[in-house]
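Below is one structure, written out as structure tokens; the observations come after it.
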Amino acid sequence: MHYWLMKSEPDVFSIDDLQERPGHTTHWDGVRNYQARNMMRDDMSVNDLVLFYHSSCKVPGIAGIALIARAAYPDFTSWNPESEYYDPKSSAGNPRWYMVDVKSVRKFKHLLPLEELKKHEALHDMPLLRRGNRLSIMPVSKAHWDYILALAGRNNG
DNA sequence: GCCAACGTTGGC
DNA sequence: GCCAACGTTGGC
């Protein structure tokens with residue numbers, strides 16, 4: 001059992017968008033970074049839990065919780081020339097990129113802002129808060145997970 | 001829109 | 001395999 005944080009730009013795809021999908025589920029396409037791909041492909045399992053993070057927006061932060069509904073499989077957008085995620089070096093026969101299916105568990109009543117996370121010494125060694133880390137998928141330790149859920153509980157009073 | 005930090009690319 | 005140039009991310 002692993003815990004994760006996955007970033008999405010809410011203007012592109014928010015937790016509300018996820019909840020509006022059939023079965024509250026979508027395929028997480030467009031990951032084009034090898035480190036993130038390897039984590040998805042090698043370490044993500046069905047029912048792993050995910051912090052759904054809103055990035056590149058007015059108030060970045062954790063918007064809710066999701067889970068991995070399907071383990072990694074080839075990202076078919078990578079061999080679709082029409083897709084913005086097209087990669088000519090990837091094909092159905094030899095896929096370069098992978099995706100998982102993500103299902104919403106719950107949306108926080110109040111977003112837990114990045115600014116708030118930074119105030120907590122206990123979270124300072126999270127990859128998310130380390131400078132220069134721009135990965136769109138990051139592992140979250142059990143200790144950090146529990147701490148953040150407690151925070152979210154308080155935040156949602 | 002700025003810019004620091006990183007990843008990727010490609011010439012050599 | 002080095003490394004400069006370029007592109008991307010993402011908070012501010």
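Everything numeric in this text was worked out from a predicted model, so none of it was measured. Throughout, a chain's letter reflects where its sequence line sits, starting with A, and its residues are numbered from 1.
- Ion pairing of K142(A) with D146(A) is present here, as a side-chain N (NZ or NE/NH1/NH2) and a carboxylate O approach within less than 4.0 Å.
- Judged by distance alone, the side chain of H54(A) and the main-chain N or O of I15(A) form a donor-acceptor pair under 3.5 Å.
- Considering only heavy atoms from C-beta on, V102(A) stays 4.5 Å or farther from T25(A) through its side chain.
- Ion pairing of D75(A) with R32(A) is present here, as a side-chain N (NZ or NE/NH1/NH2) and a carboxylate O approach within less than 4.0 Å.
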Exercise. Would you give a per-nucleotide map of nucleotides 5-12 of chain C, 5' to 3', where B means the base has a protein non-hydrogen atom under 4.0 Å away, S means only the sugar-phosphate does, and - means neither?
Key: ---BBBSS

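- With respect to the salt-bridge test (charged N to carboxylate O, under 4.0 angstrom), the residues K119(A) and E116(A) qualify.
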